[in-house]
There are 2 protein chains.
Amino acid sequence: MTMASPSRRERLRAATVTELKDHARRLLTTGGVPAISLRAIARDMGMTAPAIYRYFPSLDALVLHLAEDIYEELRVAVEDARHAAGADPVEQLIAMTHAFRAWSLAHPAEFGLIFGNPVPGIDAYAAAASACRPGGEAAARFGAPFLETLAHLWAQRPFPTTPPPHLAEAFAPTLGPFRLRHGEPELPVEVIYEFLAAWTRLYGMVAMEVFGHLHWAVSDVTPLFEIEVRRVVKSLGGAPA
Amino acid sequence: MTMASPSRRERLRAATVTELKDHARRLLTTGGVPAISLRAIARDMGMTAPAIYRYFPSLDALVLHLAEDIYEELRVAVEDARHAAGADPVEQLIAMTHAFRAWSLAHPAEFGLIFGNPVPGIDAYAAAASACRPGGEAAARFGAPFLETLAHLWAQRPFPTTPPPHLAEAFAPTLGPFRLRHGEPELPVEVIYEFLAAWTRLYGMVAMEVFGHLHWAVSDVTPLFEIEVRRVVKSLGGAPA
DNA sequence: TTACCCCCATAAACGCCGTTCACTATCGCA
DNA sequence: TGCGATAGTGAACGGCGTTTATGGGGGTAA
């Protein structure tokens with residue numbers, strides 16, 4: 001019931017917190033995750049390292065909050081692309097995949113923090129704080145717009161899928177966590193499956209490219225990506241681009 | 001032109017090298033990549049840290065050699081599964097994908113080292129030593145059996161693909177690195193494309209599962225994986241399992 | 001057998017790192 | 001005006017990778 005005014009102290013505090021994360025991010029982009037250090041952040045801000053403990057209980061906590069911010073930033077970028085793509089769900093999906101790849105290539109270190117090797121400390125903290133890793137909110141929140149768009153497409157013109165009886169047997173029983181977040185299945189199991197399959201396919205392409213695991217085969221991944229996206233879209237009954 | 005006998009000194013040296021890597025790996029499996037430290041290895045071996053510099057120029061170099069060993073170990077596991085699967089290329093491919101997933105789930109830390117976030121130091125060294133990352137031998141060597149099996153399948157009964165003229169335009173010109181390693185294209189471009197597409201799809205599934213990026217949606221990834229493998233195989237004209 | 005040299009290993013030190021603790025100054029509020 | 005919460009400091013601990021100088025020990029050649 002306190003007033004809405006953030007009481008100066010809190011404003012300063014919030015400003016320091018964002019400045020801390022900004023400097024951490026600069027270190028992240030230049031030197032990768034292991035380059036983020038409390039002492040370096042403090043140096044860059046003209047502080048001493050222990051002072052940061054007034055704002056975060058540990059370096060891992062700071063990195064975790066940074067990761068959440070980045071997750072959200074990527075989500076917004078994808079949603080923006082979606083809304084700029086018109087009303088057709090197919091066009092929206094194509095725009096979103098392109099936005100996802102573009103952002104990831106432009107921010108490889110951030111991508112690595114969010115989608116790569118789980119950082120040991122992060123997961124421990126995340127488990128307690130219900131944050132961005134294993135049981136995390138962020139992953140589900142990020143997947144939501146993709147899922148939503150696919151659901152629209154499905155409602156508009158159902159695409160052919162693997163027959164449900166086949167899926168219902170083995171796949172549906174594993175959907176507990178999914179149902180926990182998105183409510184009881186308004187969506188048929190086939191659509192959920194199609195969503196997860198497409199999402200892992202997109203992730204595989206982008207992760208491989210960002211991590212450099214395709215350098216040995218291909219000089220430019222763009223054509224591979226474009227053709228693959230077109231394929232997925234076509235399998236969803238979409239029109240050619 | 002020296003004798004084949006490894007001259008005692010060299011035998012002891014080689015033994016120490018493998019012991020170093022063994023201890024490094026133990027640290028890797030228990031605490032992830034950042035748990036590998038020279039001092040910890042030295043402690044576990046009853047040595048002092050600087051002694052390790054007689055065998056590796058830096059910690060990064062040790063980790064790199066370890067990564068190469070692990071890459072090779074995974075390759076052997078996949079090849080074993082292939083040879084145990086009979087003569088049918090389709091059965092071989094299915095066995096190989098299962099072996100890949102099983103190994104990765106059983107060795108998450110190793111998987112992270114090889115297929116996850118590139119470790120900063122590794123890449124720098126690898127660029128100079130033509131090792132396992134970006135331009136690396138290991139990635140190509142690992143992909144080879146998959147490619148070979150797919151080529152056999154293709155030779156035996158060609159599967160339908162995206163029409164070559166479409167691919168030749170955009171995709172073929174990017175295949176420089178691939179040709180550099182596998183010679184001039186005895187294989188049609190469509191097959192190479194199909195191989196890379198299937199490989200990224202497999203990678204996406206396994207990486208997502210190992211990194212825990214599917215916990216929010218699914219309690220057990222197995223059905224998702226099984227159905228997806230069946231799909232890929234079917235798209236390759238394979239028989240149902 | 002003796003002398004030499006190379007190889008292995010060590011101890012000490014440097015400069016990083018995260019984190020803790022005792023302490024101080026300052027700012028906001030009553 | 002004074003009090004208390006709050007931000008910040010400096011010193012310290014233990015751990016890290018790495019360098020340097022220094023000591024032993026075994027293989028090889030004289």
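All values below come from the heavy atoms of this structure, side chains included, with hydrogens, waters and symmetry mates left out.
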Exercise for the section: Compute both the distance and the angle, then confirm whether B:Arg101 meets the cation-pi test with B:Phe225: under 6.0 Å from the six-membered ring centre, within 45 degrees of the axis. Expected result: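 Relative to the ring axis of B:Phe225, which defines the angle, B:Arg101 lies inside both limits.
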
Could you check whether [Y] and [X] have their ring centres less than 6.0 Å apart?
X        : Y        : answer
B:Phe178 : B:His182 : yes
A:Tyr203 : B:Tyr203 : no
B:Phe142 : B:Tyr71  : yes

Exercise for the section: Side chain of A:Ser37 only, please: which of D:dT18, D:dG8, C:dG18 is the nearest? Expected result: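 Closest of the options to the side chain of A:Ser37: C:dG18.
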
Handout entry: Selected nucleotide, minimal atom distance to B:Tyr55 side chain, candidates C:dA9, D:dC16, D:dT20
Key =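 Nearest nucleotide to the side chain: C:dA9.
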
Using whole Å, what does the distance between atom [atom2] of nucleotide [N] and atom [atom1] of [X] come to?
X       : N      : atom1 : atom2 : answer
A:Leu62 : C:dT19 : CG    : P     : 10 Å
B:Arg11 : D:dG26 : CZ    : P     : 15 Å
A:Ile52 : C:dT19 : CD1   : C1'   : 12 Å
A:Phe56 : D:dA7  : CZ    : P     : 13 Å
A:Glu10 : D:dT6  : CD    : C1'   : 12 Å
A:Ile36 : C:dG18 : CD1   : P     : 10 Å
B:Leu12 : C:dA9  : CG    : C1'   : 14 Å

Handout entry: Electrostatic pair A:Arg25-A:Glu73, nearest N-O below 4.0 angstrom
Key =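 Result for this pair is yes, salt bridge flagged.
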
Distance-only donor-acceptor pairs under 3.5 Å for side chains of residues 40-52 of chain A, two or more places apart:
none

Exercise for the section: Output yes when at least one side-chain N/O atom of A:Arg13 is less than 4.0 Å from OP1 or OP2 of D:dT6, else no. Expected result: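 Answer is no, no contact under 4.0 Å.
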
Handout entry: D:dT19 OP1/OP2 closer than 4.0 Å to side-chain N/O of B:Tyr53
Key =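 No, no such contact exists.
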
Handout entry: Most 5' of A:Arg54 and A:Leu38 on DNA chain C, judged by nearest nucleotide
Key =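 Whichever sits nearer the 5' end wins; that is A:Leu38.
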
Exercise for the section: Look at the aromatic rings of A:Trp199 and A:Phe146 and report parallel, tilted or perpendicular, splitting at 30° and 60°. Expected result: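 If you compare the ring of A:Trp199 with that of A:Phe146, the planes turn out tilted.
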
Handout entry: Side chain B:Arg39 and base D:dG15 donor-acceptor under 3.5 Å
Key =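 Checked by distance alone, the answer is no.
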
Handout entry: Contact list for DNA chain D against residues 40-48 of chain B - heavy-atom distance below 4.0 Å
Key =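 B:Arg43, in order of number.
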
